[in-house]
2 protein chains.
Amino acid sequence: MNGADSLCDTLLAHGIDVCFANPGTSEMHFVAALDRKPQMRCVLGMFEGVVTGAADGYARMADKPAATLLHLGPGLANGLANIHNARRARTPMVNIVGDHATYHLQHDAPLTSDIEGLAWPMSHWVRTTRTPDAVSHDTAEAIRVAMTPPGNIATLILPADAAWGEAAQTIVSSDRRPAAPQVDEAAIREAAAAIRSGKRTVLMLSGTALRAGALETASRISRATGVRLMAQGSNGRIERGAGRVAIERVPYVVDQALEALSGTEQMILVGAKEPVAFFAYPGKPGRLEPADCRTMELASPEHDLAHALEWLADELGVGHNVTPEVEERADMPLPSGKLDADAVGRAIGALMPENAILCDESVSSGRQFFSLSRGSAPHDYLQITGGAIGLGLPMAAGAAVACPDRKVVSMQADGSGMYTVQALWTQARENLDIVTVVFANRSYAILHGELKNVGAGAPGRNAQRMLDLDHPALDWVSLARGMGVEAERATTSEELVKALQAAMSRKGPYLIEAVI
Amino acid sequence: MNGADSLCDTLLAHGIDVCFANPGTSEMHFVAALDRKPQMRCVLGMFEGVVTGAADGYARMADKPAATLLHLGPGLANGLANIHNARRARTPMVNIVGDHATYHLQHDAPLTSDIEGLAWPMSHWVRTTRTPDAVSHDTAEAIRVAMTPPGNIATLILPADAAWGEAAQTIVSSDRRPAAPQVDEAAIREAAAAIRSGKRTVLMLSGTALRAGALETASRISRATGVRLMAQGSNGRIERGAGRVAIERVPYVVDQALEALSGTEQMILVGAKEPVAFFAYPGKPGRLEPADCRTMELASPEHDLAHALEWLADELGVGHNVTPEVEERADMPLPSGKLDADAVGRAIGALMPENAILCDESVSSGRQFFSLSRGSAPHDYLQITGGAIGLGLPMAAGAAVACPDRKVVSMQADGSGMYTVQALWTQARENLDIVTVVFANRSYAILHGELKNVGAGAPGRNAQRMLDLDHPALDWVSLARGMGVEAERATTSEELVKALQAAMSRKGPYLIEAVI
């Protein structure tokens, strides 16, 4: 076997059997090796941002990493923005980046670049494997790092000669996942004491604390003690909807966030970071909690957060007679008349099926959706975590690969959707069960707000030329059909409702352009 | 004035009046400043790969840099692949990358990343400007570096507080371009002596040695002394066609390159690099000239190459009675019948108008085009230089912005075209005079060849899934229309000829999908 075979076998030996890929010449031996492994599912993205965004969506739902296959420095660079999002979501990811043969680097051929240098800013771990014999060991190490809670980005660079050279037969394998460590008793005691003090306390949750079971524990603590639950602004995955504990998030808009957290005397972080403004604004604070708020960490992201919450409940003497506050299925009226962002959100909230996966890159258009969908059918909510737009369509593809029996609903802002529009082709190629709703407001609407925030007044020609996406307007139906995805346009609430109802009852990719 | 105004004014004071942009919140003060400067032309790309690729195409034709405006680390990352191509083309480029306010970085907000770390692998110069007062000086330095021959990538990171803070009124300005240094007399003497030795000698040209005037000088030397002219495999710009000196390039395929250079006893580099294989292959050499070839450098890329060639001609006593060998306008028959890549190339070669700009990202499909178009109407030939696919459509847009009175003909492979397909919208928005011909072979055809090269045999399911772009086939007409570009499909040579003739005689963007 050669190094490329060794790499494939090591991935499979660790249960990694999906590879999102866009290979090139330097990866041809790896492609040939993948070709000898039918148990590996290879999914092509027509751009590397699709590849890495799909790997993010896949791992958020599969709770295990996919591999990516990228072509040298530029291929990695194209995937970095969505690796950034995955890094912020603490998604486990194993990136395989091909490079020139080690002895070829001296020639500085046109595609040569500093791949390790490109990888480090967005990775937790980077290694160049130097010999075919090292491939299995290095791959296993990449997987171990990626799967170490809370999830890490591991980038393994595979020179062509390490791929094509004869490798040792030994495949490093493991069926043991690195376990999440448990929190210190001292942290539990400190948090319990703080809660018992009776001060106004926020339990700030993120990561696995936003899964249904952990949220129920948090809700029981809240009901018994009066602490308030809140989630970070951006999170990898939240289990929510009817039958689950609803949780509000720290608002994006600074003034709203300050208001939401005002009066908080204590904050206990459970896998969350201290809340900060997404951007700095002149004269506004960066930290969002009150200046005199006492913030402590119960558990950091790598900890077993569900266990930490249970332990805290026990420490506080919250018995199982205290039940969590779960949402009832809300009766959500369907919108009618004029179509606007709010109507689109209400239609999706009402019509998404049981157990859907909701991928939200609706940016400014969908800000109301999160609150109004607390009583929707139970679903997983996946959002853009690092602010790097262009995650939505690929993330939906990856989530659908991970969960072929669930409907994926993709709420997509038009400007952001164009970033990785190629993902629609992957959705068609793999016949993924995804309904995409494009919020076609034909502008970077969020930036119009931000321009106003900086006091620039009414936008002139240059600002309009940079913030508006009209002249010409995008025709999303045409774009989708161009990539093999069936599509239609809705210009009224009634049209949208009808289109959504039809789309929810069929299988396969479908796109609705909601002109708002 | 604030720092953002200072930046705009400094760009304009150096004659930089085009800004390819995709801004975000952290760049809003810069957007507001641009809005106050109507003499700056702001061109939006719906993805940063469009922005940087357009800046490359612009500068190759304008012989001066454009500015780019990018949004933090992920925005820069999205633009890096085409910055890589520009770096390899030695294109002058000034990238402005917004960052969080300096005091906000401590909070590690979601969009925070190591921007300098991302920039360095693809830049010649990187600086974070720390205060509003430093903005003009740092911008002027970025411009000076970018414009220093042969052209450099300068990346200036602009924290939001450096943009919005009050800045000194003084604008650093300069109307003096850094001059290209002249070569040493010793290098001229050595090259002349080598040529006089009568050994089989190749004059290997790149950079500005491929402009019409320099090529004529080289041709005179060739005719007088018998040295052979050859161009690097990848070059930023070549002036060619009827009335100009034709030059062959080092072939991409290693065996062809070895054959083309076999018997070469001496090689004289004129702004070129020693020819090397694009990729390493087991058992094949990386250096392409014969092992016993003596290679010397007459001039490196930063030198005044036209002057170096003239001086060499003088040193060799090549008088002006020796005239260059220029191409006559070839009578090129139009193809008929079955449409294949060769027929598409011949149709374009025959029909492109005088003074066209030919942007070539046809990859494997267009390999024959370069030879057969030597007698086409005079044109500039721009190619992908760093092997990072996804340059073609943006480069065409940038070239068209630089040269509004010239027809741009964009030869585009389908797989590569999808990488930055968003560029079509910019072409429509700016009503750029571009005819795009998509070579729709519905596969990464180059990789099928490479897979065969590695001895993998017939591709199985996984390889096919990664190398073929069918199921579903892309519908380029639909994609183009979705972005506001008129388009049609050609399936025979006759249809293609008719479509091309019509497209060449009208103005504005047009796309022809040539199904081959």
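Just so it is clear, the values below take in all heavy atoms, side chains as well, and ignore hydrogens, waters and symmetry mates.
In this structure, no portion of A:I446 lies under 4.5 Å from any heavy atom of chain B. For A:R87, the part lying under 4.5 angstrom from a heavy atom of chain B is the side chain only. For a residue to count as touching a neighbouring chain, one of its non-hydrogen atoms must lie under 4.5 Å from one of that chain's; by this rule A:W120 does not touch chain B. If you measure heavy-atom distances from B:A487 to chain A, you find no contacts under 4.5 Å at all. Within the 4.5 angstrom heavy-atom criterion, no atom of A:S416 approaches chain B. For chain B, the nearby parts of A:A428 are the backbone and the side chain; heavy atoms of each come within less than 4.5 Å. Looking at B:A463, the atoms closer than 4.5 Å to chain A (heavy atoms on both sides) sit in the backbone and in the side chain alike. For A:T25, the parts lying near chain B are the backbone and the side chain together; criterion is any non-hydrogen pair under 4.5 Å. Of the two parts of A:Y281, the backbone and the side chain both hold a non-hydrogen atom closer than 4.5 Å to a non-hydrogen atom of chain B. With a 4.5 angstrom heavy-atom cutoff, B:I115 does not touch chain A via any of its atoms.
Within the 3.5 Å criterion, the main-chain N or O of A:E274 finds no donor-acceptor partner in the side chain of B:H107. A distance-only check finds a donor-acceptor pair linking the side chain of A:R429 to the backbone of B:R465 [under 3.5 Å]. Not one N or O on the side chain of A:D35 forms a donor-acceptor pair closer than 3.5 Å with the backbone of B:P459. Between the B:N462 side chain and the A:K37 main chain, a donor and an acceptor come within less than 3.5 Å of each other.
Here the CG-CG distance, from A:L469 to B:L44, works out to 6.5 Å after rounding to the nearest 0.5 Å. For the atom pair A:I83 CD1 and B:S113 OG, the distance stands at 12.0 Å (nearest 0.5 Å). How far CZ of A:R41 is from CZ of B:R461: 8.0 Å, rounded to the nearest 0.5 Å. Distance CG/A:L34 to CE/B:M466: 4.5 Å, rounded to 0.5 Å.
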Quiz item: Run the side chain to side chain contact (heavy atoms under 4.5 Å, CB included) check on B:H71 and A:I389 step by step: do they pass?
Solution: CA-CA 11 Å; B:H71 183 47; A:I389 59 174; over 6 Å; no
Practice problem: Determine, stepwise, if the pair A:M28 / B:L451 fulfils side chain to side chain contact (heavy atoms under 4.5 Å, CB included). | Solution: CA-CA 6 Å; A:M28 276 306 111; B:L451 188 67; 3.8 Å; yes
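Looking at every heavy atom in both residues, A:P74 comes nearest to B:H84 through CG-CD2, 3.8 Å. Here the shortest heavy-atom pairing between B:A81 and A:N78 reads CB-OD1, 3.4 Å. The two residues A:P23 and B:L467 make their nearest non-hydrogen contact at CG-CD2, 4.4 Å. Taking each heavy atom of A:Y444 and B:G45 in turn, the nearest pair found is OH-O, 4.3 Å. Nearest approach of B:L111 to A:A388, heavy atoms of both residues: CD2-N, 4.1 Å.
Using a 4.5 Å heavy-atom cutoff, the side chains of B:M122 and A:L118 are in contact.
Between A:Y419 and B:E48, the side chains place a donor N or O and an acceptor N or O closer than 3.5 Å (distance only, hydrogens not considered).
Sorted by first and then second residue, the pairs that involve residues 100-114 of chain B and meet salt bridge (Lys or Arg N to Asp or Glu O under 4.0 Å), not counting sequence neighbours, are A:R88-B:D108, A:K273-B:D108.
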Between side-chain atoms of residues 470-477 of chain A and protein atoms elsewhere (two or more places apart, or another chain), which donor-acceptor pairs fall under 3.5 Å?
residue : atom : partner : partner atom : Å
A:D475  : OD1  : A:V477  : N            : 3.1
A:D475  : OD1  : A:S478  : N            : 3.0
A:D475  : OD1  : A:R489  : NH2          : 2.5

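Aromatic rings of B:F279 and A:H100 (six-membered ring for Trp) have centroids within the 6.0 Å cut-off, being under it.
Most heavy-atom pairs under 4.5 Å with chain A, from the set B:M418, B:M46, B:H29: that is B:M46.
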